[in-house]
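A short worksheet on the structure shown next.
To find a chain, count down the sequence lines: A is the first, B the second, and so on, and within it residues start at 1. From a predicted model like this one, the values you see are computed outputs, not experimental measurements. Below, each value reflects all heavy atoms present in this structure, side chains not excepted, and no hydrogens, waters or symmetry copies.
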Protein chains: 2
Amino acid sequence: MGISERKERERQEMRDLIVEKATQVFIELGYEKASIRTIAERIEYSPATIYLYFKDKDWLFLEVQSVSFGLLLKEFEKTQTIEDPIQRLHALGKAYLDFGIANPAHYELMFINKEPVNCIQKDEVEWHNGMKVMELFRSTLQSCIDAGKLKITNIDIAAFAIWGMVHGMVSLYVTNHYQVMDIPDEVARMMVYQSLDATMELLKA
Amino acid sequence: MGISERKERERQEMRDLIVEKATQVFIELGYEKASIRTIAERIEYSPATIYLYFKDKDWLFLEVQSVSFGLLLKEFEKTQTIEDPIQRLHALGKAYLDFGIANPAHYELMFINKEPVNCIQKDEVEWHNGMKVMELFRSTLQSCIDAGKLKITNIDIAAFAIWGMVHGMVSLYVTNHYQVMDIPDEVARMMVYQSLDATMELLKA
DNA sequence: TTGACAAACTAAACACTGTTTAGTAATTTT
DNA sequence: AAAATTACTAAACAGTGTTTAGTTTGTCAA
């Protein structure tokens with residue numbers, strides 16, 4: 001009875017197709033302006049079909065977010081070969097800045113928009129990628145603290161300070177809010193990296 | 001001929017009424033879910049009337065943002081009595097955190113949403129408040145640098161690092177993205193303040 | 001005070017949006 | 001071949017921002 005297996009496979013392929021095309025549309029237009037009808041056109045099915053595979057727009061979007069987190073995770077994992085925890089942490093920070101600046105649309109979908117679905121429900125979907133990104137960051141931070149190489153010794157405080165800073169800078173850059181500072185684009189980009197460098201320097205024990 | 005003056009006054013009153021009610025609705029529902037029709041209901045006029053006073057939803061929203069920036073500015077100005085520039089900077093940071101945490105809806109309208117209108121056009125409207133907030137921050141920062149009390153001596157780098165950090169932390173808090181850190185609300189709030197304190201300590205020359 | 005003009009306002013429409021319902025077409029099972 | 005199940009969609013619903021065309025209101029000169 002290979003039929004049900006094939007059906008299951010086809011169903012998964014259809015899901016993947018929807019997520020793939022939805023990702024394109026979300027990236028191109030942003031969350032609000034990306035419409036179910038546009039996504040439906042891209043997959044060459046009627047809008048109603050999407051609702052046979054996803055509860056609503058938010059849950060589809062969550063799946064798309066997971067794809068974006070996968071991209072960031074890949075960049076993060078590249079840093080894990082670095083031995084020195086402080087250098088590894090610094091590299092994570094740079095990777096974060098690189099990712100946000102190179103993929104502002106992805107970054108916006110991941111971190112700027114309000115969370116579409118609250119955490120309790122998220123377990124239902126493959127939310128791994130976002131969690132893994134966080135775990136990588138925290139474990140690296142813990143290594144720094146364990147090695148006594150960080151001036152801030154509480155992991156939550158350090159996490160908030162560092163993640164807050166890099167996220168804040170990328171947010172300001174991505175949303176153009178930094179423009180009130182009246183400095184050109186390239187300079188702003190430089191400042192972002194130098195601010196990370198400076199802060200990392202201050203953080204070293 | 002006081003008639004045209006009265007008319008001008010009435011027109012301004014109508015504008016103010018719209019902005020006042022629009023602010024309420026934006027705060028209650030957020031940018032996307034706040035509808036022109038809902039705002040129209042609150043002012044007890046038809047939706048079309050709003051378009052006689054504002055080009056479109058974005059320009060009305062810009063006016064509302066200006067109100068929010070006025071609130072932040074008021075808090076910022078309270079810190080200006082402090083003599084020591086470092087302490088003043090620290091107080092500014094705290095005021096920023098206080099404001100964001102106490103008024104998450106306002107904060108979201110001001111800093112999380114993408115800019116509705118680009119900067120070049122903004123001059124047409126009273127965009128002063130946002131600028132003044134920035135000026136206050138930068139002048140305080142400059143005072144710290146001039147007094148040789150800051151480890152970072154480039155104002156743009158310091159601005160990006162500090163504003164980035166406080167904005168980032170408030171953003172993470174306001175959008176609930178910090179929840180991936182798996183710490184309760186009150187703890188997160190504490191962390192935010194302690195992260196600022198720790199960073200300020202590191203920044204001191 | 002009346003008639004003309006201008007300003008203020010709105011009902012209705014247009015082209016969209018997310019989502020649901022009811023019904024059709026295709027496929028699998030009996 | 002008939003029945004049952006699955007996959008899909010056309011059409012509708014209630015909402016959105018915005019525009020148009022027309023009405024009501026207020027002002028001013030005759």
Side-chain angles (χ1 to χ4, degrees), chain A residues 1-19 21-26 28-65 109 113-117 121, chain B residues 1-19 21-26 28-65 109 113-117 121:
Chain A
M1 197 62 66
I3 285 176
S4 69
E5 279 85 349
R6 194 203 72 218
K7 286 230 162 179
E8 182 50 45
R9 203 172 56 235
E10 282 175 351
R11 198 180 157 74
Q12 189 55 53
E13 277 166 12
M14 185 66 166
R15 267 185 73 99
D16 292 346
L17 176 68
I18 296 174
V19 172
K21 298 297 182 184
T23 303
Q24 287 177 14
V25 177
F26 277 122
E28 283 172 34
L29 305 174
Y31 177 80
E32 293 297 342
K33 286 186 177 165
S35 82
I36 297 291
R37 281 171 179 82
T38 307
I39 297 168
E41 241 176 65
R42 295 282 178 95
I43 59 172
E44 297 179 296
Y45 282 82
S46 85
T49 300
I50 292 174
Y51 289 87
L52 299 174
Y53 294 84
F54 298 92
K55 190 180 161 294
D56 56 29
K57 192 183 176 184
D58 280 350
W59 283 90
L60 172 55
F61 178 62
L62 198 68
E63 212 91 349
V64 170
Q65 273 190 324
L109 296 182
N113 289 294
K114 202 156 192 167
E115 301 261 299
V117 180
Q121 298 182 289
Chain B
M1 197 64 64
I3 286 175
S4 67
E5 280 84 347
R6 196 204 70 219
K7 286 228 163 179
E8 183 51 45
R9 202 173 56 235
E10 281 175 350
R11 198 179 158 74
Q12 190 54 52
E13 276 167 13
M14 185 64 167
R15 266 186 74 98
D16 292 346
L17 176 69
I18 297 173
V19 171
K21 298 297 181 185
T23 302
Q24 286 177 14
V25 177
F26 278 121
E28 282 172 34
L29 305 175
Y31 177 80
E32 293 297 341
K33 286 186 177 164
S35 83
I36 298 291
R37 281 172 179 82
T38 307
I39 296 168
E41 240 175 67
R42 295 283 178 94
I43 59 172
E44 298 178 296
Y45 281 83
S46 86
T49 300
I50 291 174
Y51 288 87
L52 300 174
Y53 293 85
F54 298 92
K55 189 181 162 293
D56 56 29
K57 192 184 176 184
D58 279 352
W59 283 90
L60 171 55
F61 179 62
L62 198 68
E63 212 92 350
V64 170
Q65 273 191 324
L109 296 183
N113 289 295
K114 202 155 192 166
E115 301 261 299
V117 180
Q121 297 183 290

Measuring only between side-chain heavy atoms, which start at C-beta, is [X] closer than 4.5 Å to [Y]?
X	Y	value
A:Thr23	A:Val19	yes
A:Arg9	A:Gln12	no
A:Arg11	A:Lys7	no
A:Phe61	A:Gln65	yes

Run the side-chain donor-acceptor check on residues 47-55 of chain B: report pairs under 3.5 Å with partners two or more places apart or on a different chain.
residue: B:Thr49; atom: OG1; partner: B:Ser46; partner atom: O; Å: 3.4
residue: B:Thr49; atom: OG1; partner: B:Ser46; partner atom: OG; Å: 3.4

Side chains of residues 36-45 of chain A: which donor-acceptor partners sit under 3.5 Å, not counting sequence neighbours?
residue: A:Thr38; atom: OG1; partner: A:Ser35; partner atom: OG; Å: 2.8
residue: A:Arg42; atom: NH1; partner: A:Glu28; partner atom: OE2; Å: 3.3
residue: A:Arg42; atom: NH2; partner: A:Glu28; partner atom: OE1; Å: 2.9

Euclidean distance, atom [atom1] of residue [X] to atom [atom2] of [N] [Å, nearest integer]:
X	N	atom1	atom2	answer
B:Tyr51	C:dA11	OH	P	16 Å
B:Glu32	D:dT16	CD	P	12 Å
A:Ile18	D:dC8	CD1	C1'	12 Å
A:Phe54	C:dG18	CZ	P	15 Å
B:Trp59	D:dT18	CH2	P	13 Å
A:Arg6	D:dT6	CZ	P	13 Å
A:Asp56	C:dG18	CG	P	11 Å
B:Asp58	D:dT16	CG	C1'	14 Å

field: Listed partners of A:Glu10 passing side chain to side chain donor-acceptor pair (under 3.5 Å), at least two apart
entry: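 A:Glu10: side chain to side chain donor-acceptor pair (under 3.5 Å) contacts with A:Arg6.
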
- prompt: Mind checking what makes side chain to side chain donor-acceptor pair (under 3.5 Å) contact with A:Asp56, not counting sequence neighbours?
  reply: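 For A:Asp56, no residue satisfies side chain to side chain donor-acceptor pair (under 3.5 Å) once neighbours in sequence are set aside.
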
statement: Here the residues of residues 33-43 of chain A within 4.0 Å heavy-atom distance, strictly under, of DNA chain C are A:Ala34, A:Ser35, A:Ile36, A:Arg37

Table of protein N/O atoms under 3.5 Å from nucleotides 8-10 of chain C N/O atoms:
residue: C:dC9; atom: OP2; partner: B:Tyr53; partner atom: OH; Å: 2.7
residue: C:dT10; atom: OP2; partner: B:Ser46; partner atom: N; Å: 2.9
residue: C:dT10; atom: OP2; partner: B:Ser46; partner atom: OG; Å: 3.4
residue: C:dT10; atom: OP2; partner: B:Thr49; partner atom: OG1; Å: 2.5

task: List the atom of A:Leu29, the atom of A:Ala34, and the distance in Å for their closest heavy-atom pair.
output: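 Where A:Leu29 meets A:Ala34 most closely, the heavy atoms are CB-N, 3.9 Å.
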
- prompt: Can you tell me how far CD1 of A:Ile18 sits from CZ of A:Arg15, rounded to the nearest 0.5 angstrom?
  reply: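 It is 8.0 Å, given to the nearest 0.5 Å.
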
- prompt: If you round to the nearest 0.5 Å, how far is NZ of B:Lys33 from CZ of B:Phe26?
  reply: 14.5 Å

Under 3.5 Å, which N/O atoms of the protein pair with N/O atoms of nucleotides 21-25 of chain D?
none

